[in-house]
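Heads up, the thing below is written out as structure tokens.
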Amino acid sequence: MQTLETDVLIVGAGPAGLSSALFLSQYGVSNLLIEKYRWLAHTPRAHITNQRTVEILRDMGIEGEVLEKATPQHLMGHQAICTSLAGEELARMRTWGTHPSRKGDYDLASPSQICDLPQTLLEPILFEAAASRGTQVRFNTEYVSLEQDENGVTATVRDRTRGKTYQVRAKYVIGADGSHSKVAADIGLPMAGQMGVAGAVNIVIEADLTKFVAHRPSALYWVLQPGSDIGGVGMGVVRMVRPWNEWLLIWGYDITQPPPEIDEAEATRIAHNLIGDDTIPVTVRDFSLWTVNRAYMTRYSTGRVFCMGDAVHRHPPNNGLGSNTSIQDAYNLAWKLALVLDGKAAPSLLDSYEDERTPIGKQIVERANQSIEEFGGIFDALGLTDAAGTEHLLANMAALKENTPEAAARRGQLRAALDQKNYEFNAHGVELNQRYHSAAVVTDGAAEPPYDRDPQLYYHPTTWPGARLPHCWLDRHGEAVSTLDLAGKGRFTLLTGIGGEAWQYAAKDISAGTGVDVTCFAIGPGQDISDPYGDWARLSEVADSGCVLIRPDGHVAWRRQAVADDCTAELGRVMDLLLNRTPAQPVVDPPVTQPAEEGPLVVS
Ligand SMILES: Cc1cc2nc3c(=O)[nH]c(=O)nc-3n(C[C@H](O)[C@H](O)[C@H](O)COP(=O)(O)OP(=O)(O)OC[C@H]3O[C@@H](n4cnc5c(N)ncnc54)[C@H](O)[C@@H]3O)c2cc1C
């Protein structure tokens, strides 16, 4: 049997697998990506691409391409709740940071803008970047099984075109094979929660709906209609794919009953119901069924196999966290694999992937499901929860307009319920407050800073080790650069200031001694980089002569308040702790070549 060899085998070409491929190729790691189907996503699912994800894509040099194709933030925000697009509007919410009172929070937090990019357009960008940087890709290739030994993993895969199986020998495997992950099942990852708690139908249409939406541009429109219940939300969704002529309609079904039979006529009927005008020409492009899940893995890896994305966190689209978290999982693991495979860090560094990412997975599954439940407040306020039949439902909605104390109370109740939806649509803290606790972070002894505002709604910048490096704009010889632009690029970054010259020497010494790139920048007047607005001085939480060490994934690894007596020794101690290096022995054993009929093919 033929055997392919690679350092990392990636199973699944969704957002998690494609971004793993991109990051590994960017870091110079040989990787092979296999995908069961013949191409990438053919229907739009994930759209919301949050600031953290765009920052990561900025680090990879593809932010410009993403923003060019995406719908920008200012067209994402006037989310309406209505009886149909042509019908009555019951309420409107300012979402995704577009309210003037929130816009500043988003602008202050990141060099990157939240945007809306369908998976059908994001995936080809990731794919092209990965393949052009070295990823080997095999479509129509299905993962079948794997076996691990202490030196690597042998996976059996099936070429679906020719119907033949062959083996891939890899040092590590990434299971990014989505919510029915066979890899996760095969390595025995324990799951908490429940799959298939509700059913939904996705219908992709082309229809020019400009006249219904241009005055309230938004990513989402919620339509209250009897029978439209999705996943307990009780509403149908008209989801913008491209403004304003391509749409994804989401319509619920009762999962305890057999799935609905959808054909083009039924899909058109649902579309016209949601639009509220059956004279609008509609072209149905696709329809498919999916289920709402509430499940997460409590472990992400076994031995040399690591799972990520929907393989380990399965939840409804509320909050738009799925593909974002998948890409962020990949960013967390890729630099660690690169260092371990290069022999510059001990394999135990990889344990931190699970330690850091499992709490995030659990959090987003719970958050997304709670966001569904929080629609209940809107239904209560509108008197829909206990409505018996359509007539009663419409009468209750009409009663909201009455000049009675009861109607006034209901209107207040509705405003409060809409405020609660900030936890779904303006949850900036959920997106950016990811603080890691693991052995890949070295404490400076300071206690974790408490959040001074609601941690789900508001981002709290801090250089506390484990947190994401705070962003501010700096000046490099007339060019605006973000603190985050100084970091990333697959290397460690050390930021210091006036009086911190010794850190610059230390970074050079450590880089030369370990082979791990630690690049140092001094920030301040007369330094490499200036801080014209004084923002870094306010954010850094260390003295000018101190330092902040940043990991390749933009999270703070360690910091020191002021210059040390021996900066090289101090930085060396920290790097040793971070990388768990055991210099006396090789970190990764050489690969074992499997006996192969046609000889091993090395993928590099
Ligand atoms: C209606 C809807 C709206 C959504 N909106 C958002 C949003 O706004 N923002 C957001 O972040 N997320 C959103 N999501 C969630 C998002 O689509 C997923 O979280 C995301 O696609 C997960 O990425 P993944 O790479 O882990 O898995 P997937 O995208 O599922 O990719 C897994 C890949 O693995 C392949 N595969 C499976 N088994 C095998 C095998 N045995 N061998 C080889 N290949 C295999 C599959 O074919 C697939 O290509 C939405 C989801 C839905 C359904």
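In this text the structure is predicted, and so the values were computed from the model without any measurement. Counting starts at 1 for both ligands and their atoms, following the listed order.
The single protein non-hydrogen atom nearest to atom 11 (O) of ligand 1 is S323 N, 2.6 Å, given as residue, atom name and distance. Scanning the protein for heavy atoms near atom 51 (C) of ligand 1, the closest one is R45 CB, 3.9 Å. Nearest protein heavy-atom contact of atom 45 (C) of ligand 1 is K36 CB, 3.7 Å. Nearest protein heavy-atom contact of atom 38 (N) of ligand 1 is D177 CB, 3.7 Å. The protein non-hydrogen atom at the shortest distance from atom 31 (O) of ligand 1 is G14 CA, 3.4 Å. Protein heavy atom in closest approach to atom 6 (C) of ligand 1: A46 CA, 3.1 Å. Looking only at protein heavy atoms, the nearest one to atom 27 (O) of ligand 1 is G178 CA, 3.6 Å. Counting only heavy atoms of the protein, atom 35 (C) of ligand 1 lies nearest to E35 OE1, 3.3 Å.
Using a 4.0 Å cut-off between heavy atoms, K182 makes no contact with ligand 1 at all.
Side chain of T120 to main chain of A41: no donor-acceptor pair is present (N/O by atom type, distance under 3.5 Å, no hydrogens or angles). Within the 3.5 Å criterion, the main-chain N or O of Y423 finds a donor-acceptor partner in the side chain of N319.
At a 3.5 angstrom cut-off on N or O pairs, H315 does not count as close to ligand 1. Considering backbone and side-chain N/O of D310, one or more are found under 3.5 Å from N/O of ligand 1. Ligand 1 has an N or O atom lying under 3.5 Å from an N or O atom of G320, backbone or side chain. Not a single N or O atom of M308, backbone or side chain, sits closer than 3.5 Å to an N or O atom of ligand 1. Checking only distances, A16 does come within under 3.5 Å of ligand 1, N or O to N or O. The shortest N/O to N/O separation between P15 and ligand 1 falls below 3.5 Å.
Residues that satisfy the ring pair (Phe, Tyr, Trp, His ring centres under 6.0 Å) test with W247, not counting sequence neighbours, are absent from this structure.
Y458 has its ring centre no less than 6.0 Å from the ring centre of H428. Within the 6.0 Å centre-distance limit, the rings of W222 and F375 are counted as a close aromatic pair. H555 has its ring centre less than 6.0 Å from the ring centre of Y436. Taking the six-membered ring for Trp and the full ring otherwise, W39 and F139 have centroids separated by under 6.0 Å.
Of all the heavy atoms in W96 and A219, the pair that sits closest is NE1-CB, 4.3 Å.
Atom CZ of R160 has more than 12 heavy atoms from other residues, nucleotides or ligands within 6.0 Å. A 6.0 Å sphere centred on NZ of K362 holds no more than 12 heavy atoms belonging to other residues, nucleotides or ligands. Counting non-hydrogen atoms of other residues, nucleotides and ligands closer than 6.0 Å to CD of E206 gives a total above 12.
Those atoms of ligand 1 that come under 4.0 Å of a heavy atom in T141, given as number and element, are 43 (C). For ligand 1, the atoms lying closer than 4.0 Å to a non-hydrogen atom of G309 are 26 (O). Near N324, meaning under 4.0 Å from any of its heavy atoms, are these atoms of ligand 1: 11 (O). Against a heavy-atom cut-off of under 4.0 Å, S326 is close to the following atoms of ligand 1: 22 (C), 23 (O), 26 (O). Near A176, the atoms of ligand 1 lying under 4.0 angstrom from a non-hydrogen atom of the residue are 32 (C), 33 (C), 34 (O). Atom numbering of ligand 1 starts at 1 in the shown order; those under 4.0 Å from a heavy atom of I48 are 7 (C), 8 (O), 9 (N), 11 (O). Per-residue contacts place N202 under 4.0 angstrom from the following atoms of ligand 1 (heavy atoms of the residue considered): 1 (C). Heavy-atom proximity to Y143, at under 4.0 Å, picks out these atoms of ligand 1: 40 (C), 41 (N), 42 (N), 43 (C).
Here atom 17 (O) of ligand 1 lies nearest to Q119 when heavy atoms of Q119, H313, R239 are compared.
The only member of T98, T95, L418 that meets side-chain contact (heavy atoms from CB on, under 4.5 Å) when paired with Q79 is T95.
Electrostatic pairing of D186 and K182 counts as a salt bridge here, judged by a charged N lying under 4.0 Å from a carboxylate O. Ionic pairing of R169 and D149 is present here: one or more N-O contacts between side-chain nitrogen and carboxylate oxygen are shorter than 4.0 angstrom.
Residue contacts with ligand 1 include H47, since one of its heavy atoms falls under 4.0 Å from the ligand.
When side chains are defined from C-beta on, R468 does not count as touching R435, because their heavy atoms never get closer than 4.5 Å.
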